[in-house]
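Since the structure comes first, as structure tokens, the remarks are kept for the end.
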Amino acid sequence: MSSSNLNERYIDLEQICNEYDIRLFKPLSWILILNLQLIPEEDIQNDPKLKFSYALLEDNKEEALKIANELKEKDTTISKFFQQLLEFDPGLKTTLEISKKFFDFSKRRIEFIREHGIKAY
């Protein structure tokens, strides 16, 4: 198996973060949700953390930034990771670049599922 095929099927968030800013690995490892195609759409829309990942998947930086700023102010376990994320990458520019690589394979699976009318959940 060639390494390019393996890279398309195996996603290493730490390796991707090393290419940009390793400080983003810890918060993103708690925040990003890889298998969004397995989660019902209504669950994604009702959960801000899932909605954040979905906004990044869809290249919607404005929505992701809005959600991140709302979540960093909450009194939850996950809020500290949104605080760290926004401290290291206030405009989510680098986060969006990392998420494009992170979600690339998932996005292709989601598009395939939609094209073929497959019910994923």
Side-chain angles (χ1 to χ4, degrees):
M1 175 180 303
S2 74
S3 62
S4 64
N5 287 342
L6 182 60
N7 287 340
E8 287 181 6
R9 292 189 292 149
Y10 177 74
I11 295 143
D12 185 338
L13 180 61
E14 186 172 17
Q15 183 179 1
I16 296 169
C17 288
N18 274 330
E19 295 174 26
Y20 294 92
D21 185 344
I22 191 56
R23 297 176 304 165
L24 293 172
F25 173 67
K26 185 174 182 183
L28 289 176
S29 68
W30 282 92
I31 293 171
L32 293 181
I33 306 295
L34 182 59
N35 294 314
L36 289 170
Q37 80 278 6
L38 300 177
I39 301 171
E41 184 90 24
E42 50 281 359
D43 289 353
I44 292 171
Q45 295 307 316
N46 290 323
D47 183 314
K49 181 181 164 192
L50 295 174
K51 204 171 173 182
F52 175 80
S53 285
Y54 189 76
L56 290 174
L57 175 85
E58 294 294 320
D59 296 325
N60 189 341
K61 185 170 84 170
E62 292 76 25
E63 178 69 10
L65 193 54
K66 178 181 155 222
I67 295 166
N69 278 304
E70 289 171 1
L71 289 175
K72 81 173 187 175
E73 300 299 328
K74 302 269 184 192
D75 186 22
T76 63
T77 306
I78 201 74
S79 66
K80 71 179 178 183
F81 297 110
F82 282 95
Q83 291 167 4
Q84 287 176 354
L85 177 66
L86 291 169
E87 177 186 329
F88 301 143
D89 188 19
L92 298 183
K93 181 179 185 269
T94 305
T95 298
L96 191 59
E97 291 176 24
I98 290 169
S99 71
K100 283 181 184 179
K101 285 189 172 191
F102 182 75
F103 287 130
D104 186 45
F105 186 60
S106 288
K107 197 166 190 173
R108 287 197 306 267
R109 287 187 303 206
I110 290 169
E111 289 167 358
F112 179 85
I113 287 167
R114 286 181 182 159
E115 274 179 28
H116 293 87
I118 299 168
K119 186 166 177 85
Y121 41 83

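On a predicted model such as this, the values are computed, not experimentally measured, just so you know.
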Please check this pair: side chain of [X] against backbone of [Y], looking for a donor-acceptor N/O pair closer than 3.5 Å.
| X | Y | value |
| --- | --- | --- |
| Asn46 | Glu42 | yes |
| Ser29 | Lys26 | yes |
| Thr94 | Asp89 | no |

Working to the nearest 0.5 Å, report the span between [atom1] of [X] and [atom2] of [Y].
| X | Y | atom1 | atom2 | result |
| --- | --- | --- | --- | --- |
| Lys49 | Leu32 | NZ | CG | 9.0 Å |
| Ile16 | Leu28 | CD1 | CG | 10.0 Å |
| Thr95 | Leu24 | OG1 | CG | 5.0 Å |
| Asp21 | Lys93 | CG | NZ | 12.0 Å |
| Ile31 | Leu50 | CD1 | CG | 12.0 Å |
| Lys72 | Glu87 | NZ | CD | 10.0 Å |

Could you go through the salt bridge (charged side-chain N to carboxylate O under 4.0 Å, His left out) check for Glu70 and Lys74 one step at a time?
-> CA-CA 7 Å; Glu70 289 171 1; Lys74 302 269 184 192; over 6 Å; no
4.5 Å side-chain heavy-atom contact, [X] and [Y]:
| X | Y | result |
| --- | --- | --- |
| Ile78 | Phe52 | no |
| Glu14 | Ile22 | yes |
| Glu63 | Glu58 | no |

Atom of [X], atom of [Y] and distance for their closest heavy-atom approach:
| X | Y | answer |
| --- | --- | --- |
| Ala55 | Ala64 | CB-N, 3.8 Å |
| Ile98 | Cys17 | CD1-SG, 4.0 Å |
| Ser53 | Ile33 | OG-N, 3.0 Å |
| Ile67 | Pro48 | CG2-O, 3.4 Å |

Using the ring-ring contact (aromatic ring centres under 6.0 Å, His included) rule, collect all pairs that involve residues 14-40, keeping only residues at least two apart or in two chains.
-> Trp30-Phe81
So, Lys101 and Glu97, do they make that salt bridge, N to O below 4.0 Å?
-> no
